[in-house]
Amino acid sequence: MYDFIEGTIAVLESNYVVICNNGIGYKVFTPNPYVFKENEVEKIYLYNYIREDENSLYGFKTLEERELFLKLIGVKGLGPKVALPILATGTVSGVIDAIDRENLLYLKKFPKVGEKLAKQIILDLKGKLVSKSDEPDTNEELISVLMSLGYKNNDIKRIIKDVDSSLSIEEQVKQALKLLLK
């Protein structure tokens, strides 16, 4: 299975892009091809859809988009050709929020999604999706360390977004302390 492809966008069409990698052009169906720039090097997260009569690549700008797509195509009666327009028309957080709030009107606005399919989406996915913006703060350990050093919660919240979470906890603390002392 492919995870991503990086290459130059050679063609932009209304529902797909062609990305050139090592002299091969890959046709990748995407919710909104216009988030990519023609003749620019781009990274596209992939899903390879293989069936008896079809072998297609579906691509996404973010991992969050791809994860929602995978959850959607897992719903009974909902395939990639229905899931793609949902992602094209709605935002990831908007779709997740509509599912969690059981908002049938929002879900029915998407092409080929009627009341029956909207109810099936809610039945299958309600409570199983988390938007990145809704995830608990991944810097809890850092917050705990800074609070134990006597810093106030408001000060920590002010600088926490500027700390590089890919660093080790020791490096995060050093970076946070520098920001707090400014």
Side-chain angles (χ1 to χ4, degrees), residues 1-138 161 165:
M1 180 172 194
Y2 303 113
D3 188 53
F4 69 88
I5 187 169
E6 195 167 332
T8 305
I9 303 296
V11 177
L12 276 174
E13 288 295 328
S14 62
N15 64 340
Y16 70 89
V17 298
V18 175
I19 185 166
C20 185
N21 178 288
N22 291 325
I24 300 172
Y26 296 90
K27 184 176 186 178
V28 181
F29 295 97
T30 181
N32 183 5
Y34 302 108
V35 296
F36 303 105
K37 292 185 173 83
E38 200 166 1
N39 299 320
E40 295 281 327
V41 175
E42 297 276 0
K43 183 177 192 175
I44 301 176
Y45 295 97
L46 298 173
Y47 172 69
N48 191 14
Y49 183 75
I50 301 173
R51 293 294 176 264
E52 187 177 303
D53 60 340
E54 182 179 356
N55 186 357
S56 301
L57 288 174
Y58 290 88
F60 308 93
K61 187 77 169 169
T62 66
L63 286 170
E64 188 177 31
E65 223 178 33
R66 181 175 69 182
E67 291 306 311
L68 179 56
F69 176 81
L70 293 173
K71 296 286 187 187
L72 286 170
I73 64 173
V75 171
K76 182 183 173 196
L78 200 154
K81 289 187 171 105
V82 176
L84 214 56
I86 291 173
L87 291 172
T89 315
T91 64
V92 172
S93 58
V95 172
I96 291 171
D97 185 56
I99 292 168
D100 286 340
R101 293 177 186 252
E102 298 184 24
N103 188 343
L104 288 172
L105 289 175
Y106 183 87
L107 294 173
K108 286 178 10 182
K109 78 175 188 172
F110 299 117
K112 300 181 184 173
V113 177
E115 184 145 351
K116 184 177 177 183
L117 185 55
K119 285 180 180 179
Q120 188 67 47
I121 293 169
I122 291 168
L123 179 68
D124 288 358
L125 299 179
K126 183 178 179 187
K128 296 179 183 171
L129 303 171
V130 178
S131 174
K132 293 244 188 255
S133 59
D134 295 339
E135 285 181 357
D137 198 341
T138 55
K161 65 185 176 299
S165 61

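In what follows, every heavy atom counts, from backbone to side chain, and hydrogens, waters and symmetry copies are set aside.
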K.L.:
Hey, could you give me the CG/OH distance between Leu57 and Tyr49, rounded to the nearest 0.5 Å?
P.N.:
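Rounded to the nearest 0.5 Å, the CG-OH separation comes out at 13.5 Å.
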K.L.:
Only pairs at least two apart or in different chains count here, so list each salt bridge (Lys or Arg N to Asp or Glu O under 4.0 Å) that has a residue in residues 18-45.
P.N.:
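Found Glu42-Lys61.
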K.L.:
Which residues pass the ring pair (Phe, Tyr, Trp, His ring centres under 6.0 Å) test with Tyr47, sequence neighbours left out?
P.N.:
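Expected list: Phe69.
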K.L.:
According to salt bridge (Lys or Arg N to Asp or Glu O under 4.0 Å), does anything in residues 107-121 pair up with another residue at least two apart or in another chain? List the pairs.
P.N.:
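Sorted result for residues 107-121: Lys108-Glu115, Glu115-Lys119.
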K.L.:
Taking all heavy atoms of Pro85 and all of Pro80, pick out the closest pair and write down the distance.
P.N.:
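Minimum heavy-atom separation between Pro85 and Pro80: CD-O, 4.4 Å.
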K.L.:
Rounded at 0.5 Å granularity, tell me how far CD1 in Ile99 sits from CD1 in Ile122.
P.N.:
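Rounded to the nearest 0.5 Å, the CD1-CD1 separation comes out at 7.5 Å.
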K.L.:
Under 6.0 Å between ring centres: does that hold for Phe29 and Tyr58?
P.N.:
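Between Tyr58 and Phe29, which both carry aromatic rings, the centre distance is below 6.0 Å.
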K.L.:
Distance-only criterion, 3.5 Å: show the donor-acceptor pairs between side-chain atoms of residues 1-24 and protein atoms not counting sequence neighbours.
P.N.:
residue: Asp3; atom: OD1; partner: Arg66; partner atom: NH1; Å: 3.0
residue: Asp3; atom: OD1; partner: Arg66; partner atom: NH2; Å: 2.9
residue: Asn21; atom: ND2; partner: Glu6; partner atom: O; Å: 2.5

K.L.:
Nearest 0.5 Å please: distance from the CG atom of Leu129 over to the CG atom of Asp97.
P.N.:
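Nearest 0.5 Å value for the CG-CG distance: 11.0 Å.
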K.L.:
For Ala83 versus Leu72, what's the shortest heavy-atom pair and its separation?
P.N.:
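The pair with the smallest heavy-atom distance is CB-CB, 4.0 Å.
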K.L.:
Report the distance from atom CZ of Arg51 to atom OG of Ser56, rounding to the nearest 0.5 Å.
P.N.:
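Here the interatomic distance stands at 10.0 Å.
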K.L.:
Determine the minimum heavy-atom distance between Gly77 and Leu117, stating which atoms define it.
P.N.:
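That would be O-CD1, 4.0 Å.
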K.L.:
Closest heavy-atom contact between Ile73 and Gly79?
P.N.:
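Heavy atoms only, the tightest pair is CG2-C, 3.8 Å.
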K.L.:
According to the salt bridge (Lys or Arg N to Asp or Glu O under 4.0 Å) rule, which pairs have a member within residues 72-91, sequence neighbours left out?
P.N.:
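Pairs touching residues 72-91 that pass the test: Glu54-Lys81.
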K.L.:
So Ile86 and Leu78, do their side chains get closer than 4.5 Å, heavy atoms only?
P.N.:
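A side-chain contact exists here, since the closest heavy-atom pair is under 4.5 Å.
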K.L.:
Is the side chain of Lys71 donor-acceptor paired with the backbone N or O of Glu67 at a distance under 3.5 Å, no angle test?
P.N.:
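No; zero donor-acceptor contacts below 3.5 Å.
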K.L.:
Just wondering, do Ile44 and Tyr26 contact through their side chains at under 4.5 Å, heavy atoms?
P.N.:
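No, too far: nothing below the 4.5 Å cut-off.
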K.L.:
Taking all heavy atoms of Thr30 and all of Gly59, pick out the closest pair and write down the distance.
P.N.:
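So the minimum-distance heavy-atom pair works out to OG1-O, 3.1 Å.
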K.L.:
Residues two or more places apart in sequence or in another chain: which of them pass ring pair (Phe, Tyr, Trp, His ring centres under 6.0 Å) with Tyr106?
P.N.:
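By the ring pair (Phe, Tyr, Trp, His ring centres under 6.0 Å) rule, Tyr106 matches Phe110.
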K.L.:
Looking at CD of Glu65 and CG of Asn32, how far apart are the two atoms once the value is rounded to the nearest 0.5 Å?
P.N.:
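With rounding to 0.5 Å, CD (Glu65) is 8.0 Å from CG (Asn32).
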